[in-house]
Amino acid sequence: MRWFWFASPQTFFPLAGSIARWCAVGAALLAAAGLYVGFFVAPTDAQQGEAYRIIFIHVAAAWMSMLLYVVMAFWAAIGLAFNTRLSAMMASALAPTGALFTFIALWTGALWGRPTWGAYWVWDARLTSELILLFLYLGFMALQAAIDDPRRADRAGALLAIVGVVNVPIIYYSVQWWNTLHQGASVSLTRAPSMASTMLTGMLLMALAFWLYSIAASLARVRCIIKERE
Amino acid sequence: MNWGGWSEFWAMGGYGFYVWGSYAVTFAALALEIIFLRRRVREAKA
């Protein structure tokens with residue numbers, strides 16, 4: 001398989017279309033399964049009652065918001081280093097979906113915070129750094145939109161994306177570094193998750209659905225960008 | 001099965017506003033992105 005063959009926008013275009021279609025179908029199926037497990041299989045939480053069911057979208061969206069930023073900064077850096085057109089287009093295509101998941105993480109977090117903490121918003125390290133992430137996405141999109149020459153817009157956006165990537169570990173470790181109201185990680189690679197296995201299953205299914213959704217949406221968008229530019 | 005009936009399901013143990021407020025806005029946001037993307041795909045083709 002000649003991978004670099006697909007580095008050209010023209011050859012990548014049809015491949016992106018078929019991957020996007022399959023991922024969209026997979027996302028819909030996984031979301032249906034995840035919602036079924038989340039609402040009908042996972043038991044009521046002993047402490048939080050039914051309010052905890054926000055977890056199935058909140059955690060999955062928060063994971064995607066950070067992951068998409070790292071992927072966006074990665075493609076932006078590749079585009080900046082090797083001057084490859086498709087990498088920069090990929091970075092631009094990821095930004096709106098990343099911003100969307102950041103917004104969803106903040107919104108669902110607010111609606112979860114109110115019944116559990118008594119406040120929609122607190123200036124806690126986790127919440128504040130996630131809000132900064134939203135501004136980084138919006139800043140990236142605004143900066144690119146403000147520059148007429150697409151190649152210059154790519155380079156300017158790439159710089160912002162790369163500098164902003166320092167915020168991602170800050171979000172992730174904020175609950176350890178600072179005394180936050182936000183709880184620590186319930187799921188980690190090094191120890192057993194601190195939740196019922198059916199709750200975890202529902203959460204992972206939703207996370208996978210959001211992964212596939214993000215792939216589908218960003219590939220569909222990169223196809224538009226290729227069409228618009230070339 | 002967690003629910004005695006639909007009204008119990010929609011009530012979410014008294015947290016209906018928060019739970020459904022989260023899910024409704026999430027799906028509205030994703031649906032809007034899909035609509036805008038479809039429009040952009042159509043315009044790019046034209």
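Proteins come first, then strands; the chains are lettered A, B, ... in the order of their sequence lines, and each starts at number 1.
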Q.
Report which part of B/Y15 has an atom under 4.5 Å of a heavy atom belonging to chain A: side chain, backbone, both, or neither.
A. side chain

Q. Measuring heavy-atom distances to chain A, does B/L32 have an atom under 4.5 Å in its side chain, in its backbone, in both, or in neither?
A. neither

Hey, which of [options] has the most heavy atom pairs under 4.5 Å with chain B?
options	value
A/A216, A/P115, A/A61, A/G49	A/P115
A/P96, A/A220, A/A31, A/A51	A/A51
A/T44, A/T97, A/I225, A/L35	A/T97
A/A42, A/G109, A/A110	A/A42

(Q) If you compare all heavy atoms of A/A99 against all heavy atoms of A/L134, which two are closest, and at what distance to 0.1 Å? (A) O-CD1, 3.6 Å

Got more than 12 heavy atoms from elsewhere within 6.0 Å of [atom1], [X]?
X	atom1	value
A/Q47	CD	no
A/R21	CZ	no
A/F135	CZ	no
A/W22	CH2	no

Report the relative orientation of the aromatic rings in [X] and [Y]; use parallel for angles under 30°, tilted for 30 to 60°, perpendicular for over 60°.
X	Y	value
A/F101	A/F210	tilted
A/F39	B/W20	parallel
A/W107	A/F103	tilted
B/Y23	B/F27	parallel

Q) When only heavy atoms count and the cut-off is under 4.5 Å, which of residues 196-205 of chain A reach chain B? A) none

Please classify the contact of [X] with chain B as side chain, backbone, both or neither, using a heavy-atom distance under 4.5 Å.
X	value
A/I54	both
A/I57	both
A/R53	both

Q | Pairs where residues 128-149 of chain A contributes a residue and the test side chain to side chain donor-acceptor pair (under 3.5 Å) is met, not counting sequence neighbours | A | A/S65-A/E130, A/S92-A/Q144

